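Working notes, beginning with the structure itself.
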Amino acid sequence: KTTIQCHSHYNTASMLFQPQNSSHPALAQKGPLPPYKNHTICSHLEPTPDEALEDRALLDAIVWPKPPAPTSLHQTSDPVHSLFAILPSKGGRELHVGDQLEALVQMQDFQGRPKHYGGDFLVARLHSPELGAGVAGTVVDHLNGSYSVVIHASGPDRIDVLPKKIENRSIEPGPVKYNPAGYYYKGSWRLFDGTPVRQFDAKSITQCLTGKVMNMYGDSTMRQWFEYLRAFVPDFNLRIPSKVGPFMAVDCKHNILLKYHCHGPPIGFSTDRASELRYVANELDRLPGGPNTVVALSLWAHFSPFPVEVYIRRMRNIRRALERLLARGPGTLAVIRSANLRALDKERSLNHSDWFSLQLDRILRNMFMGLAVVFVDAWEMTLAHHSPHNIHPPPDIIKNMISLILTKVCPAKKKS
């Protein structure tokens with residue numbers, strides 16, 4: 001008997017996603033659909049030797065330092081007592097855009113005593129509300145209670161790290177290599193590699209998506225992308241009273257088709273029909289692909305309460321399905337959205353944390369490394385932004401994410 005854990009099911013509502021007999025070019029299927037193969041992704045299957053090796057490498061990549069011995073609450077890290085110092089630049093020269101700013105953080109416990117082991121989860125950023133500027137930093141654990149914070153200067157910013165300073169000590173960090181994705185300036189996301197990110201209004205969004213089919217799969221952070229874009233697709237909007245979908249939006253005049261569906265279990269939504277719980281790998285195997293196809297994926301928010309091995313196996317099956325799609329549909333644009341920081345109250349902290357999300361984010365990056373995909377660094381884009389952390393980033397962050405994607409769909413024409 002087929003179980004929900006292993007397979008996805010299709011019902012009449014899903015036919016709205018396969019309008020092959022439509023006369024509308026964006027809805028019409030170019031050639032036959034690939035034969036449907038419902039690949040099993042049961043989590044209880046034993047991994048192959050190659051999969052076991054990959055599992056071990058991925059688990060090694062997220063190993064986190066542990067305390068040397070059991071500790072009491074008073075011996076854990078206290079941000080109020082902890083200290084930091086900005087390290088002078090080489091030669092004492094003024095920092096310029098693109099330079100690295102470094103700070104040293106010394107963690108102390110609730111009794112004001114320096115810690116002598118690592119393992120703290122720290123995040124850092126520079127920001128300037130006046131300039132609408134912000135950039136995320138990276139934190140390097142020296143495993144002795146001290147941490148290096150490394151941030152690329154992106155403009156005149158003020159530092160917002162910890163409340164006290166320390167004198168520069170002989171615990172000095174070595175050289176740190178850091179390759180950030182980008183930064184905000186005047187509210188717009190810019191890439192450090194110099195690639196211009198185009199800004200899109202309603203007219204240019206429509207022009208860019210003309211003749212395109214955009215398939216979006218994942219949790220509610222991907223549904224945000226669908227909700228943002230469907231405002232520009234006026235002709236037909238299918239929304240059933242469910243959070244999982246299927247949702248669809250069509251612009252007949254410009255041959256635009258947008259689709260969204262939630263990923264399969266585990267999900268934390270309210271009760272939904274089992275027939276609408278679809279595994280992304282199975283959905284990808286039903287797409288023909290091609291240069292007018294965009295596929296966007298975001299799966300992470302519902303996986304943090306579960307063992308990371310569940311996430312590894314799910315991502316592995318999605319990666320294989322994506323490889324098959326890119327092979328049979330050359331020119332398909334695949335977009336992967338990373339995890340982001342979230343607000344955590346007492347109830348949510350029982351099952352979720354940014355630390356768990358960071359582990360999933362590292363797995364995601366390693367799993368899709370080397371594949372021809374566009375990676376949207378939602379972690380960095382939310383950390384660098386001035387808005388409070390929220391599992392659903394505010395509209396201005398979503399706008400910047402969409403601009404980044406559409407820049408890849410419709411890159412600026414090179415001047416002759």
Side-chain angles (χ1 to χ4, degrees), residues 63-68 75-185 189-194 341 354-355 358 361-362 365 377 379-386 389:
V63 169
W64 200 268
K66 296 180 179 179
Q75 294 175 309
T76 60
S77 300
D78 178 16
V80 175
H81 282 94
S82 299
L83 311 169
F84 80 94
I86 299 172
L87 302 181
S89 60
K90 292 181 180 179
R93 68 182 182 85
E94 186 179 75
L95 289 175
H96 297 277
V97 174
D99 289 344
Q100 283 192 165
L101 181 148
E102 296 189 31
L104 181 66
V105 178
Q106 176 63 58
M107 299 304 294
Q108 301 199 28
D109 63 21
F110 283 85
Q111 297 173 325
R113 298 176 302 187
K115 290 184 62 180
H116 299 290
Y117 59 90
D120 294 289
F121 173 61
L122 306 176
V123 294
R125 72 176 181 188
L126 281 175
H127 72 109
S128 171
E130 295 81 8
L131 295 174
V135 60
T138 190
V139 179
V140 180
D141 188 346
H142 298 292
L143 304 178
N144 59 6
S146 66
Y147 300 79
S148 290
V149 175
V150 184
I151 302 178
H152 273 234
S154 61
D157 296 315
R158 77 163 179 249
I159 296 171
D160 184 16
V161 190
L162 292 170
K164 296 183 180 179
K165 294 186 178 180
I166 56 174
E167 296 298 324
N168 194 5
R169 301 183 179 183
S170 59
I171 299 174
E172 293 184 3
V176 177
K177 293 183 178 179
Y178 173 51
N179 297 306
Y183 62 97
Y184 289 104
Y185 184 69
W189 184 252
R190 303 186 180 191
L191 298 175
F192 270 117
D193 66 6
L341 296 113
D354 287 335
W355 181 82
L358 178 62
D361 188 59
R362 289 180 174 180
R365 293 167 192 261
D377 198 330
W379 186 274
E380 194 167 304
M381 293 180 77
T382 52
L383 176 56
H385 201 269
H386 62 81
H389 296 163

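Note that the structure is predicted; figures quoted are calculated from it, not measured.
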Residues which pass side chain to side chain donor-acceptor pair (under 3.5 Å) with Ser77, listed by chain and number, not counting sequence neighbours: Lys115, Asp120
Where Arg125 and Leu383 come nearest, the two heavy atoms and their spacing: CD-O, 3.2 Å
Where Val139 and Leu122 come nearest, the two heavy atoms and their spacing: CG2-O, 3.6 Å
Residues which pass side chain to side chain donor-acceptor pair (under 3.5 Å) with Thr382, listed by chain and number, not counting sequence neighbours: none
Check: Gln75 main-chain N/O paired with Gln111 side-chain donor or acceptor under 3.5 Å: no
Heavy-atom check, side chain of Tyr183 versus side chain of Leu126, under 4.5 Å: no
Pairwise distance CG(Leu101) to CD1(Ile151) - rounded to 0.5 angstrom: 6.0 Å
Residues that Trp189 engages under ring pair (Phe, Tyr, Trp, His ring centres under 6.0 Å), provided they are two or more places apart: Tyr184
Value rounded to 0.5 Å, distance of CD in Gln106 from CG in Asn144: 7.0 Å
Ser146 side chain to Val105 backbone, donor-acceptor under 3.5 Å: no
Salt bridge (Lys or Arg N to Asp or Glu O under 4.0 Å) partners for Arg365, two or more places apart: Asp361, Asp377
For Pro129 against His127, the heavy-atom pair lying closest together: CD-ND1, 3.6 Å
Gap separating the OG atom of Ser148 from the CD atom of Glu102, nearest 0.5 angstrom: 6.5 Å
Derivation of the side chain to side chain contact (heavy atoms under 4.5 Å, CB included) call for Tyr147 and Leu104: CA-CA 6 Å; Tyr147 300 79; Leu104 181 66; over 6 Å; no
Shortest non-hydrogen separation from Gly119 to Trp64 and the atoms involved: O-NE1, 2.7 Å
From Leu358 atom CG to Phe121 atom CZ, the distance as rounded to the nearest 0.5 Å: 5.5 Å
Stepwise side chain to side chain contact (heavy atoms under 4.5 Å, CB included) test for Val135 and Tyr185: CA-CA 9 Å; Val135 60; Tyr185 184 69; over 6 Å; no
For Leu143, all residues meeting side-chain contact (heavy atoms from CB on, under 4.5 Å), sequence neighbours excluded: Pro65, Asp141
Where Ala136 and Glu380 come nearest, the two heavy atoms and their spacing: CB-CG, 3.6 Å
Value rounded to 0.5 Å, distance of OG1 in Thr76 from CE in Met107: 9.5 Å
Validation row, ring centre His152 to ring centre Phe192 under 6.0 Å: yes
